[in-house]
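Quick caveat: nothing in here was measured; it's all calculated off a predicted structure. Side chains included, hydrogens not; waters and symmetry mates left out as well; all remaining heavy atoms used. By convention in this document, chain letters (A, B, ...) are assigned in the order of the sequence lines, proteins followed by strands, and residues within each chain are numbered from 1.
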Amino acid sequence: MSVRLYNTIKRAKEEFIPIDDKKVGLYTCGPTVYNYAHIGNLRSFVFEDILKRTLKFLGYKVTQVMNLTDIDDKTIRDSIAANIPLRDYTQKYKDAFFEDLDKLRFDKAEVFPAATDHIKEMIELIKTLVDKGYAYQSEDGSIYYSIAKFSAYGKLARIDMKNQRSGVRIKTDEYEKDSVADFALWKAWTEGDGDNFWESPWGKGRPGWHIECSAMSMKYLGKTFDIHTGGVDNMFPHHEDEIAQSEAANGVKFVNYWMHCEYLIVEGQKMSKSLGNFFTLRDLEEKGYNCNAIRWVLISAHYRRTLNFTLEACKQAQETLKNFTSFFIRLKEIADSDKKGDDISATVNSHMEKFSEAMSDDLNISEALAAVFGLQKETNKLIASNILGQNAAATVLDAFKKFDSVLAVFEFEQKGNDIPEEITKLVEERQTARKNKDFATSDIIRDRLKDLGWSVEDTPKGPRISKI
RNA sequence: GGCGUGGUGCCCAAGUGGCCUAAGGGAGUGGUCUGCAAAACCAUUAUUCACCGGUUCGAAUCCGGUCCACGCCUCCA
């Protein structure tokens, strides 16, 4: 089956053909670790996770590199303001970031290179650019990339520099550049940087932001690699600058497929702190939303469409996932029984095929989810008419585990499998009450259990207890 | 000013020339099951795809215009 991906630089979907057969090199612009990631950051990371998982699902072996920007204006500014050494300051947010990745069930990148561990590589790359005449030193010692020297500049974002507004935003410190649009490769040390600097052939200073992605992607994935992803806002200037740096230095194509994730808005409005709709994962957890539901919301819209993130959607997602969990419990009960039934592998296969085809078509998640829901519905019908047997149930469960290797939102095992004694006791009491047809008491106990966070469903085989 | 995206039911969201009298989910309503619930099952909720005009045998899908929302144009995911 051929995989089709939307390649931003072509503005079209095209067949995905990796450089090396079934191996894929994937570079992802990671976070700047100066604060907690917000839900918008997380959306694009989740998109990249879905991309990676989909490729693996389709049989590719993926090497993903996600950089951590732990040196830039913001990290320096905030660490100095907090009076904490940069390294300690960024470590805190690196840790927080990895916590988020775990909570959202990421298939983590193979390499998470930190910028500060690759200063040497960046200096080498800058040297090459200076030697080749693409970069120059300004009066203050900083090194700038001269975009006028790279004729293809603007090919990704389709920006013609001649048409751009100019003059309005020139700040005094930019007068040292040959052209306003030139960007810094190496920033000469200033007092405001404190003791955050490295020695270089151009004196002490620190790297610019764009050079880190060029240097690190090259180191781990080679001069040309398959896929580069990021948020749409990174397209210009960041990705455009990466192309300029990498292609000028190496003389070969930088990236074959560019993929960009759209923005996220919250409750129909742009996310901002002043509107009070600025959420981190922590904020949402405090409000009582679980991470699977949040992940569900983030993956449930196509990555190239603006996603309207709402708390209502989180609630709905929780509802959906709860139904799936109870579906899995029922399936498991049948799978563990010795019930005979019809063979349904044809149904399972056709839904699996639909899912696979949908995801292969530029990650058409909506169609893929329709296939998932379709199999659930078909299976439920068989359960309702009592013809789903043990083997079939096991087959269906396997199929959902396969779906989940891409989606990573389902719970197959009951969390906290061990039900507290207190709960078991209450359930027993309730059973006794029910036997005695004392339904008033039975209902009171059920409410009580609900308050304690457990739900009881009465089935022919007895009560089914599950965590809410 | 330049470049670009989108407006589909109560909400979310696929579909981009005929299989669309528009997939799927959530929510609602009626029914089956249940002591009652929950879950599940059955039925039901857009002759219509922002608006106006055009192309076509045929348009949610193509073209033109209008309105609305949004993004990028130097470090913001």
Side-chain angles (χ1 to χ4, degrees), chain A residues 11 28-32 37-48 69 72-74 147 154 157-166 168-171 174 177 179-184 187 208-210 229-238 240-241 260-265 268-271 296-297 300-302 304-310 312-313 315-320 322-323 325-327 329-330 354 358 364-374 376-377 379-385 434 437-440 442-443 446-447 450 455-460 463-464 466:
Chain A
R11 300 291 191 277
T28 298
C29 287
T32 300
H38 57 68
I39 199 72
N41 301 127
L42 294 172
R43 191 221 176 165
S44 53
F45 296 136
V46 167
F47 143 65
E48 284 139 2
T69 301
D72 79 322
D73 293 345
K74 287 174 303 210
I147 63 161
R158 303 211 173 172
I159 281 175
D160 183 349
M161 296 314 286
K162 290 186 206 85
N163 286 339
Q164 296 313 302
R165 286 180 174 180
S166 61
V168 191
R169 298 207 184 187
I170 296 179
K171 292 178 207 143
E174 285 170 341
K177 299 192 220 172
S179 159
V180 193
D182 290 351
F183 59 91
K187 293 188 170 188
W209 176 41
H210 312 299
T229 62
V232 274
D233 58 315
N234 269 162
M235 191 159 96
F236 193 89
H238 187 235
E240 196 68 60
D241 291 349
H260 291 93
C261 181
E262 250 305 330
Y263 252 72
L264 165 137
I265 57 174
Q269 287 176 298
K270 194 171 172 172
M271 180 168 62
W296 178 278
V297 173
S300 59
H302 187 85
R304 281 191 286 118
R305 299 278 287 229
T306 308
L307 170 71
N308 185 13
F309 185 90
T310 64
E312 179 59 31
K315 246 186 250 161
Q316 291 190 4
Q318 252 163 219
E319 219 34 61
T320 304
K322 202 183 88 196
N323 290 349
T325 304
S326 105
F327 172 64
I329 292 171
R330 272 176 288 136
K354 259 196 202 160
N364 189 335
I365 190 82
S366 299
E367 296 239 345
L369 290 179
V372 173
F373 283 114
Q376 184 197 27
K377 192 158 198 158
T379 308
N380 271 329
K381 277 186 200 173
L382 297 176
I383 295 176
S385 47
R434 290 185 70 223
K437 303 224 182 288
D438 179 3
F439 298 118
S442 155
D443 289 350
R446 186 165 57 197
D447 287 344
K450 201 179 165 191
S455 79
V456 186
E457 296 168 54
D458 299 317
T459 76
R464 180 188 289 146
S466 56

Engineer: Please determine whether a side-chain nitrogen of the Lys or Arg among A:Arg446 and A:Asp443 lies less than 4.0 Å from a carboxylate oxygen of the Asp or Glu.
Structural biologist: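 Judged by the 4.0 Å cut-off on N to carboxylate O distance, A:Arg446 and A:Asp443 do form a salt bridge.
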Engineer: Considering only atom C1', compute the distance from B:rC10 to B:rG28 and round it to an integer number of Å.
Structural biologist: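 It works out to 8 Å between them.
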Engineer: Of the candidate nucleotides B:rG26, B:rA77, B:rG35, which contains the atom at the shortest distance from the side chain of A:Gln316?
Structural biologist: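 Among B:rG26, B:rA77, B:rG35, the one nearest the side chain of A:Gln316 is B:rG26.
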Engineer: Partner of B:rC36 by Watson-Crick or G-U wobble geometry, both contacts under 3.5 Å, or none?
Structural biologist: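 Across any shown strand, B:rC36 pairs with none.
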Engineer: Under a 3.5 Å cutoff, is there a donor and acceptor pairing between the side chains of A:His38 and A:Asn41?
Structural biologist: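 Distance-only check passes for A:His38 and A:Asn41.
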Engineer: Has the side chain of A:Asp233 got a donor or acceptor that lies under 3.5 Å from a partner of the other kind on the base of B:rG71?
Structural biologist: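 When only heavy-atom distances are counted, A:Asp233 does not reach the base of B:rG71 through any donor-acceptor pair under 3.5 Å.
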Engineer: With both distances kept under 3.5 Å, what pairs with B:rG58, Watson-Crick or G-U wobble?
Structural biologist: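 Across all strands, not a single nucleotide pairs with B:rG58.
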Engineer: Just name whichever nucleotide pairs with B:rC67, Watson-Crick or G-U, keeping both distances under 3.5 Å, else none.
Structural biologist: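 For B:rC67, the partner nucleotide comes out as B:rG7, under the 3.5 Å rule.
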Engineer: Hey, is the side chain of A:Arg446 pairing donor to acceptor with the base of B:rA37 inside 3.5 Å?
Structural biologist: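 Yes, the side chain and the base share a sub-3.5 Å donor-acceptor pair.
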Engineer: Please determine if A:Asp458 and A:Arg464 form a salt bridge, counting it only when a charged side-chain N lies under 4.0 Å from a carboxylate O.
Structural biologist: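 No salt bridge links A:Asp458 with A:Arg464.
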Engineer: Strictly by Watson-Crick or wobble contacts shorter than 3.5 Å, is anything paired with B:rA22, and which nucleotide is it?
Structural biologist: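 In the structure as shown, B:rA22 has no Watson-Crick or wobble partner.
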Engineer: Measure from CD1 on A:Ile365 to P on B:rC12 and round the result to the nearest Å.
Structural biologist: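 Spelled out: CD1 on A:Ile365 to P on B:rC12 is 19 Å.
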Engineer: Regarding A:Lys437, tell me which of base, sugar-phosphate or nothing describes its non-hydrogen contacts under 4.0 Å with the strands shown.
Structural biologist: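 No contact at all - A:Lys437 keeps every heavy atom at 4.0 Å or more from the nucleic acid.
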Engineer: Hey, does A:His38 reach any base, or is it just sugar-phosphate, or nothing, if we go heavy atoms under 4.0 Å?
Structural biologist: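 Contact class for A:His38: base.
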Engineer: For B:rU45 and B:rC12, measure between their C1' atoms and round to the nearest Å.
Structural biologist: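 Each nucleotide's C1' atom is 16 Å from the other's.
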Engineer: Looking at the base of B:rG15, is there any donor atom on it, or on the side chain of A:Ser366, that sits under 3.5 Å from an acceptor on the other one?
Structural biologist: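 For A:Ser366, whose side chain was compared with the base of B:rG15, there is no donor-acceptor pair (under 3.5 Å).
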Engineer: Kindly say whether A:Gly154 contributes a backbone atom to a donor-acceptor pair with the side chain of A:Glu240 at under 3.5 angstrom?
Structural biologist: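 At least one qualifying donor-acceptor pair exists.
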Engineer: Compare the minimum distances between each of B:rG35, B:rG24, B:rC73 and the side chain of A:Ala370, then state the nucleotide with the smallest one.
Structural biologist: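 Selected nucleotide (nearest to the side chain): B:rG24.
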Engineer: Can you find a donor-acceptor pair, distance only, under 3.5 Å between A:Asp458 side chain and B:rC36 base?
Structural biologist: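 Between B:rC36 and A:Asp458, which were checked side chain against base, a qualifying N/O pair under 3.5 Å is present.
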Engineer: For atom P, what is the distance between B:rC49 and B:rG7, given to the nearest Å?
Structural biologist: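 Rounded to whole Å, the distance is 13 Å.
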Engineer: Under 4.0 Å, heavy atoms only, any strand: does A:Thr32 hit a base, just the sugar-phosphate, or nothing?
Structural biologist: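 No contact.
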Engineer: Closest approach of A:Asn323 and A:Arg330, non-hydrogen atoms and distance?
Structural biologist: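 The pair with the smallest heavy-atom distance is O-NH2, 4.4 Å.
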Engineer: Return the value, rounded to whole Å, for the distance between atom CD1 of A:Ile265 and atom P of B:rG71.
Structural biologist: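 Nearest whole value for this atom pair: 9 Å.
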Engineer: With the side chain of A:Phe439 defined as its heavy atoms from C-beta on, choose the nearest nucleotide among B:rG35, B:rA40, B:rA38.
Structural biologist: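 Of the options given, the side chain of A:Phe439 lies nearest B:rG35.
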Engineer: So if I take every side-chain heavy atom of A:Lys381 and compare against B:rC42, B:rA39, B:rG35, which nucleotide ends up nearest?
Structural biologist: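 For A:Lys381, the side-chain atoms sit closest to B:rC42.
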Engineer: Compare side-chain N and O positions of A:Asn380 against OP1 and OP2 of B:rC41 and report whether any pair is under 4.0 Å apart.
Structural biologist: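 Indeed, a polar side-chain atom of A:Asn380 lies that close.
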Engineer: According to the Watson-Crick and G-U wobble definitions, with both distances under 3.5 Å, which nucleotide is paired to B:rG17?
Structural biologist: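 The base-pairing partner of B:rG17, which may sit in any strand shown, does not exist here.
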Engineer: Nearest to the A:Glu457 side chain among B:rA37, B:rA23, B:rC72, which nucleotide is it?
Structural biologist: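 Looking only at heavy atoms from C-beta outward on A:Glu457, the closest nucleotide is B:rA37.
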Engineer: So, is A:Lys377 close to the B:rA23 phosphate, meaning a side-chain N or O under 4.0 Å from OP1 or OP2?
Structural biologist: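 Checking A:Lys377 against B:rA23: no side-chain N or O falls below 4.0 Å of OP1 or OP2.
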Engineer: From B:rA77, B:rC73, B:rG26, pick the nucleotide closest to the side chain of A:Asn234?
Structural biologist: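 The answer is B:rA77, which lies nearest to the side chain.
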Engineer: Select base, sugar-phosphate, or nothing to describe what A:Val456 touches, counting heavy atoms under 4.0 Å on all strands.
Structural biologist: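 Contact class for A:Val456: base.
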Engineer: What is the distance from CD of A:Glu312 to P of B:rA27, rounded to the nearest Å?
Structural biologist: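 That distance rounds to 9 Å.
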Engineer: Using the P atom as the reference point in each nucleotide, state the distance between B:rC20 and B:rG6 in Å, no decimals.
Structural biologist: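 One P to the other, the span is 24 Å.
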Engineer: Which of these nucleotides, B:rA38, B:rA77, B:rG26, is closest to any side-chain atom of A:Glu319?
Structural biologist: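 Among B:rA38, B:rA77, B:rG26, the one nearest the side chain of A:Glu319 is B:rG26.
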Engineer: Specify the separation, in whole Å, of atom NE2 of A:His302 and atom P of B:rA13.
Structural biologist: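 Distance check: A:His302 NE2 to B:rA13 P gives 13 Å.
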Engineer: Using the P atoms only, state how far B:rC63 lies from B:rU5, rounded to an integer number of Å.
Structural biologist: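 It comes out at 11 Å once rounded to the nearest Å.
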Engineer: Which whole number of Å gives the distance between the P atom of B:rA13 and that of B:rA77?
Structural biologist: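 Comparing P positions in B:rA13 and B:rA77 gives a spacing of 23 Å.
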Engineer: Looking at A:Ser442 and A:Asp438, would you say the former's side chain and the latter's main chain have a donor-acceptor pair under 3.5 Å?
Structural biologist: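 No: the side chain of A:Ser442 does not pair with the backbone of A:Asp438.
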Engineer: Just N and O in the side chain of A:Asn308: are any of them under 4.0 Å from OP1 or OP2 of B:rC70?
Structural biologist: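 For B:rC70, neither OP1 nor OP2 has a side-chain N or O of A:Asn308 closer than 4.0 Å.
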Engineer: Tell me which of A:Thr306 and A:Ala317 sits closer to the 5' end of RNA chain B, going by the nucleotide each one is nearest to.
Structural biologist: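 The residue whose closest nucleotide sits nearer the 5' end is A:Thr306.
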Engineer: Answer yes or no for this row: A:Phe373 ring on B:rG24 base, centroids under 5.5 Å, planes under 30°.
Structural biologist: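 It does not: the ring fails the test against the base of B:rG24.
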Engineer: With both distances under 3.5 Å as the test, what is the Watson-Crick or G-U wobble partner of B:rU29?
Structural biologist: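 Matched B:rU29 with B:rA43 under the 3.5 Å cut-off.
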Engineer: Counting only Watson-Crick pairs (N1-N3 plus N6-O4 or O6-N4) and G-U wobbles (N1-O2, O6-N3), all under 3.5 Å, who is the partner of B:rC49?
Structural biologist: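 Base partner found: none.
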Engineer: Mind checking A:Leu264 for me? I need base, sugar-phosphate or nothing, with any heavy atom below 4.0 Å counting as a touch.
Structural biologist: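 Answer is base: heavy atoms of A:Leu264 come under 4.0 Å of a base.
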Engineer: May I ask you to say what A:Arg464 touches in the nucleic acid, namely base, sugar-phosphate or nothing, with a heavy-atom cut-off under 4.0 Å?
Structural biologist: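 No contact at all - A:Arg464 keeps every heavy atom at 4.0 Å or more from the nucleic acid.
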Engineer: Assign A:Lys354 to base, sugar-phosphate, or nothing according to its heavy-atom contacts below 4.0 angstrom with the strands shown.
Structural biologist: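 Nothing: the residue A:Lys354, judged by heavy atoms under 4.0 Å, touches no strand.
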Engineer: What nucleotide, of B:rG35, B:rA14, B:rA40, holds the atom closest to the side chain of A:Asn323?
Structural biologist: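 For the A:Asn323 side chain, the nearest candidate turns out to be B:rA40.
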Engineer: Ignoring the backbone of A:Asp443, work out which of B:rC72, B:rC41, B:rC36 is nearest its side chain.
Structural biologist: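 The nucleotide sitting nearest to the side chain is B:rC36.
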Engineer: Pick the closest RNA chain B nucleotide for A:Asp72 and for A:Glu367 by heavy atoms, then say which residue is nearer the 5' end.
Structural biologist: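 Counting from the 5' end, the first nearest nucleotide belongs to A:Glu367.
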Engineer: Any side-chain N or O of A:Arg305 under 4.0 Å from OP1/OP2 of B:rA14?
Structural biologist: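 So the side chain of A:Arg305 is within the cut-off, an N or O lying under 4.0 Å from OP1 or OP2 of B:rA14.
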Engineer: Side chains of A:Ile265 and A:Leu307: does their closest heavy-atom pair fall under 4.5 Å?
Structural biologist: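 A:Ile265 vs A:Leu307: side chains apart.
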Engineer: Compare every heavy atom of A:His210 with every heavy atom of A:Phe183, then report the nearest pair and how far apart it is.
Structural biologist: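 Looks like CD1-CD2, 3.5 Å.
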Engineer: Please find the pair of heavy atoms, one from A:Cys29 and one from A:His238, that lie closest to each other, and give the distance.
Structural biologist: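 That closest heavy-atom pairing would be SG-CE1, 3.4 Å.
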